[in-house]
Amino acid sequence: MEDDYKSFLQSLDDSQLISHISSLSQSQVKTQKDKEIIGSDAFDDSFNEYLTRHIPGVVGDEKNPKEDDEAQGVLDDTVEQNPGENAPEPINELLDELNEEFSDDQGSNDDEIGPMHGFGDYEIYFDNKHKKQQQGDKNYIEWDKTRRILQGEDEYREPIFKGCVIFVNGHTIPSMNEIHRLVIIHGGKFLSYLGAKRNATHIICDRLTPRKQQIYKNCKVVKAKWIADSVEKGYLLDWKEYRLFKEIAYDQGRLSDFHNEFALKQFNMEEDDDIEMQEDSLEEEELSQEEKEAVQERAIDAKHPDFLNQFFSKSRLHHLSMWKSDLKLQFINKVKKSKHEVSKRVTRVAHIDFDCFFATASCQKTSYDINEVPLAVSHGQTTSDVASCNYVARKSGVKNGTWVRSARRLCPDLIVIPYEFDLYEKYANCLYNYLISLNVDIYPVSIDEALIDLSDYEGDLSQWCEMVRGEIFRLTKCPVSIGIGANILLAKLSLRRAKPNGYHILETGVDDFLSTVSVSDLPGVGYSLMDKVIAETGKSSPTITDLLRVPKERLMKVLGPKTGQKLYDYSRGIDPTNLDHTAERKSVSVDINYGIRFDTHAQVEDFLSRLAVEVSKRLKNLNVVGSQVTLKLAKRDPDSPVNPPKYLGMGKCIFFNKSAKLGLPTSQPGIISSELKSLARILTIPAQELRGIAVAIGKLEDADEVKKNRQMTLNQRITKGTRTLKKIDESDFKEPLDDEIDWQVFESLPWDIKREIKAELSRRGIIQKSASSSPGPKKNGKAYLQQLLPTATTQEPKYVRIVESPKKVSPKKLSPQKRSRTGSPTKVEEDLSYDSSILNELPSSVKNEVIEDMAIRKKYKPQTLKEKFKESVKQTKVANQPITKQWIDEQPKINEVPKFQNGDIGEMIVGWMEMSLDQDGPHNDDVEMFFEYLKCLKFDKIKRVEILISKEIKYYKSIEAMLGPKHCTALKEWDGVVDRIRKLNIF
DNA sequence: CCCAATTGGTAG
DNA sequence: CATCGCTACCAATTGGG
Ligand SMILES: Nc1ccn([C@H]2C[C@H](O)[C@@H](COP(=O)(O)OP(=O)(O)OP(=O)(O)O)O2)c(=O)n1
Ligand SMILES: [Mg+2]
Ligand SMILES: [Mg+2]
């Protein structure tokens, strides 16, 4: 539990953390004032207990759920009252009574969410429900919401089951009633009785019978735990993980005899509701249009909380990257153990690599003959990437990384087979374990590929190759090829010659060998460099021989100094790179350029939080902290269609990067998330236009080192140049934000909460770690705005993390109207992998898709000098545009209200208002400071703040009946604030 | 000239 | 249904002093 709370704290933004503390403080103040301390745990329980004792006719024992039929069937038509309207008032009284009754009850205060039990309220409700189930559900949701507000719980429930239509069959745990409740309060629809099961998106069922299997064989039949787990997690889990039927697709064998027997018994015991089900198909009720859309919109894009997991589990490139970094780690450790030898130049390198690795491995799960049929590993059938294709397919010109559709064009018989990530891992282990057993220096290149230092090997190289190839094939039934050369470059080129299923030892005749090599085969030469070399040599597929004719100066000028030098060396067989695995990692990043489809900025921020959590996880695994945060956003190219050819793909995009320096290196999700959100604000890309988001943490340091150093020389570090602290001196730092936290209130919190919060604050550098006790009492119990405002808008500056130097913010740059890279190309000239004449004959729709894909891969750059010029003109035009009201409105609005660097002013205001309601309105100091802040804002922002506050007031007035007289006074004060803002706006 | 920030490119 | 377009790192460019 404590750990839970700790990680909960860590997941918060700075602003969220502060307001969390405030909310704790607030409730604490309140309860103390009333001489009551009621933990939410005890509260929940007693509340339900109270209800079950006081409301006649209720047997609210959730541990012995009533028979499903009883609960569903007894519909009391005579009770027509609407609990949604009538419940609040009596409940309010109940709450007050309760507070007295249980005033001694010292509950622990650290469980904000409360257990998922005690549903007496639900049962009461359903005993009185209407015959119209759906109306009843709606009322219950309202009633539940009201209850939550009254109980001070978070009124909002994640609409986990939005778009789901749930039907429960037979007895389940949790009970059908409970499932019903959970589903509807989380935005789902429940088909309760005799309903249109055909409309159900999921059938919940815990017990398998042969009949059910038959009837539901085409349905998503899911165990009840799916519901419970999803609610607990707060988002919809993958139903497949909870399917009742065994994976028929993969395991086609019959159920075992034992299983059948067991199932048969079950079947006989079960009440026969299945027949009923077939009969009532006439009685189907239609889903509303809205619900149908919701059901349709089941696509999992980045809005879905489980998106990252699902995406990563299926992304080959993610796997490749993770495997690679794991391997690097593994072999760094190896070197530390034997850190003797001083890096001597290697003289012989072996490069070993599985032939068409994924294809070979995946093929083993099929009955295809890898040597006869053209195969490709891929998820889809058209715009899906070919991860790996076998050599039969390569004969037709298919390459790794092309789209299946393009591959099919070259090789119409191509057969697509699925990924088998586990198998790849297994075989890679075989490879690496075997190499380890050889007791040689291993330098992992990728999952299927490694370099080996053979400088000191004195035996016969051919024999060595045959031995290694033989052993690995014996272990995996996958062929590897080996290339040997005097350096990394030559080993790589040699390997290329060796493939498939062979080896090549390059010792003599290097120049002859090189002369035949194509420039595009050189490592580090991709489409972009290739284009330049083509332009320079005048050949369409230049070889090393062609490259040799270009003088070094020319290469360096055209390609840049380093790249030019590299190609110059490479063309002569020179590669100065030494084998070295001691290289420390310099950055950690998470890139998502798939499935990014957002409607609102709130969704974007949500996703950023999740990315922050992910990147934080990775930092912690590596035990490093970083002080630079970089956000990279991909914006749909204006010329590109809203929906790119690849489903949920990114299409052609323009990238925008922004990085921020942190005051202290960190690995904490909350801090990172804060920073990301503020970077996102600076980049101002409309949520709808986003197609990719990447987060990188740089300036890495060892976490333990930093911890040690910070304790020792906290003060020295401040003046260090690498830390960017704004206008700060030591005294500012020594007691940072101290007076922004109300220590009196803080002290009254339960000790364990205090401990966790304190730890979290000090981790963030907001308070000093050694601060063992809080300073003396300050001010009064009122909530202070200072503790919510990230930094003072007036007076002395406080500790602030720098995002960018303020003067750098030129109004023009705020909205990146950067160049679009291309016009709309209609004709394809020439391309390495596409014959332009064929391409030009394609239907234009397909052609454009192919062009789009090529543009993404940078194979194809339609940009000419002329267009470049046009763009720069366009750019200037944009920059010179007068700033009109309309222009402002057109600018992407990342937020409804402006934000400070470290938090959302909107959230802050809402929080402030909420808090102030319990305290006769806002504190005067706060109001003054607030206006100081407002004065700094632009007109439209102020307007938005005004609207926000008005809306909030309206909301509170709408529930005025439930508020006390005190609250009304507070609201009046807020009315005054709004008036004042209006006056501000006049000037 | 330096530097940092940003953009581009590559491999598997 | 589609589909799962990641990620570390180097180099070049840009734009400031
Ligand atoms: N664009 C790419 C390139 C590679 N891979 C994956 C699939 C490959 O099987 C694996 C190894 O990459 P290789 O470059 O070694 O390619 P193959 O092993 O498929 O072919 P070969 O090594 O025979 O050229 O990485 C991928 O998913 N996408
Ligand atoms: Mg390979
Ligand atoms: Mg490889």
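In what follows, chains carry the letters A, B, and so on, assigned in the order in which the sequence lines appear, proteins first and then strands, with residues in each chain numbered from 1.
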Side-chain N or O of [X] versus OP1/OP2 of [N]: is the shortest distance under 4.0 Å?
X	N	result
A:Lys532	B:dG9	no
A:Gln628	B:dA5	yes
A:Ser384	C:dC4	yes
A:Arg316	C:dG5	yes
A:Thr383	C:dA2	no
A:Asn400	B:dG12	no
A:Lys324	B:dA11	no
A:Lys557	C:dA12	no

(request) Identify whether a stacking contact exists between A:Tyr647 and C:dA2, where the ring centres must be under 5.5 Å apart and the planes under 30° apart. (result) yes
(message) Against the six-membered ring of A:Phe655, is A:Lys632 placed for a cation-pi contact (under 6.0 Å from the centre, within 45° of the normal)?
(response) yes
(request) Please report the C-alpha distance between A:Asp326 and A:Gln330 in whole Å, then the side-chain angles of each, then the deciding distance to 0.1 Å, and finally whether the side chain to side chain donor-acceptor pair (under 3.5 Å) criterion is met. (result) CA-CA 6 Å; A:Asp326 286 353; A:Gln330 192 181 327; over 6 Å; no
(request) Run the ring-centre check on A:Tyr427 versus A:Phe354 and record whether the distance is less than 6.0 Å. (result) no
(request) Measure from the ring center of A:Phe331 to the ring center of A:Tyr432 and say whether it is less than 6.0 Å. (result) yes
(message) Counting only side-chain heavy atoms from C-beta out, which of C:dC4, B:dG9, C:dC6 sits nearest to A:Ser321?
(response) C:dC6
(request) State which of C:dA8, B:dA5, C:dC6 makes the closest approach to the side chain of A:Ser587. (result) C:dA8
(message) Whole angstroms only, please: what is the NZ-P distance between A:Lys646 and C:dC1?
(response) 18 Å
